[in-house]
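A short write-up of the structure that comes next.
Lettering follows sequence order; numbering is per chain, from 1. All of these numbers come straight from a predicted model, not from anything done at the bench.
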Number of protein chains: 2
Amino acid sequence: MPRQRTGDTRARIQQAALELFAVQGMQQTSLQDIADRLGVTKPALYYHFASREDLLNSLVEPMIADFEAYAEGLRVAAPVSPRELLGSYFDLAYRHRAMIQLAIRDLSVLHELKLADRFIEWRGTLAELLIGPSPSLRDVVRCMVALGGLSDCAVMIEHTPVAELREAAVDAAYDSLGR
Amino acid sequence: MPRQRTGDTRARIQQAALELFAVQGMQQTSLQDIADRLGVTKPALYYHFASREDLLNSLVEPMIADFEAYAEGLRVAAPVSPRELLGSYFDLAYRHRAMIQLAIRDLSVLHELKLADRFIEWRGTLAELLIGPSPSLRDVVRCMVALGGLSDCAVMIEHTPVAELREAAVDAAYDSLGR
DNA sequence: GTCTATATGCGGATAGAC
DNA sequence: GTCTATCCGCATATAGAC
């Protein structure tokens, strides 16, 4: 590989980290591993990131922003049909499937980064749109099956074209709502 | 608290470990933490367990045995109806909900303990009974939504009486199968 | 921007006294 | 059965030269 033209080292660190995370998980990946993979030393990383947590945060940031925008958009937008909602939620999960796989594999890290609370909040927003406020137990259950199953399919199943997967997943999720 | 009558230290170690795991996760809990909680020192733990991994294994063992017996039982038993299957799977997940919560929170540990493969195998056994061999994409998706949603409900939702929760979850899962 | 060298701490694990 | 003392390795992080 040719040497990088200019100072995009920060981005290269992030990419190396993601590649290693995908193989061995976030928590099992040390700064040493990352530095080795780039052929630099640990202190070099500290020039670009204040701390390990700073690096992690920079990787998770884009997903957070997207999820937060999605939830906020739903809050202010005109009501949509359940199928539309399920479909757009699938798309959201699918966009960030790589990061979600990491998060699932290492929930503790997301706990460190204080994301768990936000996840719950996002889910709550969706749930209320699907089944309204003060839902019954049956509603809560159906909502958990629908949204959980939907994101599971988006993240865990490899299939192209995606449109096929999306349609099948939305159908199953919709059925689990029991109308 | 009164001092323990006799040498049930091994069990007390296991209990202390589980309590700490529930609060801070398996991977984040060191032997030092466990020893401190019992008011003993680290080497004392090594009298009762050969290693940290040995301790972890001893905690997970009962669940493994139960899951394996369940899968084996299905393999040899006469075919059951989808609703019966979903119901018994709910019961299984509910029995071990505490341990499953830990496992979800720390998938990497189960990876260490080489349980991931078995989990996949268990799921496969169930899936085949639900949708037969060589399933279509739509079948795979529906199966993932049904079984994933079912165990999510068994593990994540606090509700008594359990029978109510079970019925609602099985209904939702059954609907997601689309007949 | 990246290096060498180093501080500091915590993790699991063992030796050997009591 | 439990202790004190200790080894070893690896983690994050910093100081300061180039």
**Report entry** Atom-pair distance (CG on A:Asp36; C1' on D:dC10), nearest Å
**Finding:** 12 Å

Query raised in the report: To the nearest Å, how far apart are B:Gln32 CD and D:dC3 P?
Result: 11 Å

Query raised in the report: Salt-bridged, A:Glu121 to A:Arg118, with N to O below 4.0 Å?
Result: no

Query raised in the report: Rounded to the nearest Å, what distance is computed from the CZ atom of residue B:Phe49 to the P atom of nucleotide C:dT14?
Result: 15 Å

Query - A:Thr9 side-chain N/O to C:dG1 phosphate OP1/OP2 under 4.0 Å - result: no

Query raised in the report: Roughly, in whole Å, what's the span from CG in A:Asp54 to P in D:dT12?
Result: 14 Å

Report task. Could you tell me whether A:Ser30 contacts a base, only the sugar-phosphate backbone, or nothing, with contacts defined as non-hydrogen atoms closer than 4.0 Å? Result -> sugar-phosphate

Query raised in the report: Nearest of C:dA13, D:dA5, C:dT4 to any side-chain atom of B:Pro43?
Result: D:dA5

Query raised in the report: If you count the non-hydrogen atoms of other residues, nucleotides and ligands that lie under 6.0 Å from NE2 in B:His111, is the total more than 12?
Result: no

Requested in this report: Determine: side-chain N/O of A:Tyr47 to OP1/OP2 of C:dT2, distance under 4.0 Å, yes or no.
Outcome: no

Query raised in the report: Atom CG of B:Leu56 and atom P of C:dA13: how far apart are they, to the nearest Å?
Result: 11 Å

Report task. Send over the distance from B:Arg12 CZ to D:dT2 P, rounded to a whole Å. Result -> 8 Å

Query raised in the report: Yes or no on side-chain hydrogen bond (donor to acceptor under 3.5 Å, both in side chains) for A:Ser108 and B:Gln27, after CA distance, side-chain angles and deciding distance?
Result: CA-CA 8 Å; A:Ser108 45; B:Gln27 215 151 21; 4.8 Å; no

Query raised in the report: Parallel, tilted or perpendicular: which fits the ring planes of A:Phe119 and A:Phe67, with parallel below 30° and perpendicular above 60°?
Result: perpendicular

Query raised in the report: Do you see a donor-acceptor pair shorter than 3.5 Å between the side chains of B:Gln24 and B:Asp33?
Result: yes

**Report entry** Residue whose nearest DNA chain D nucleotide is more 5′ - A:Ala50 or B:Ala44
**Finding:** B:Ala44

Report summary line: note: B:Arg52, atom CZ; C:dG11, atom C1'; distance rounded to Å ~ 9 Å

Query - Nearest to side-chain heavy atoms of B:Tyr46, which nucleotide of C:dG1, D:dA13, C:dA13 - result: C:dA13

Query raised in the report: Taking CG from A:Leu45 and C1' from D:dA13, how many angstroms apart are they, rounded to a whole number?
Result: 11 Å

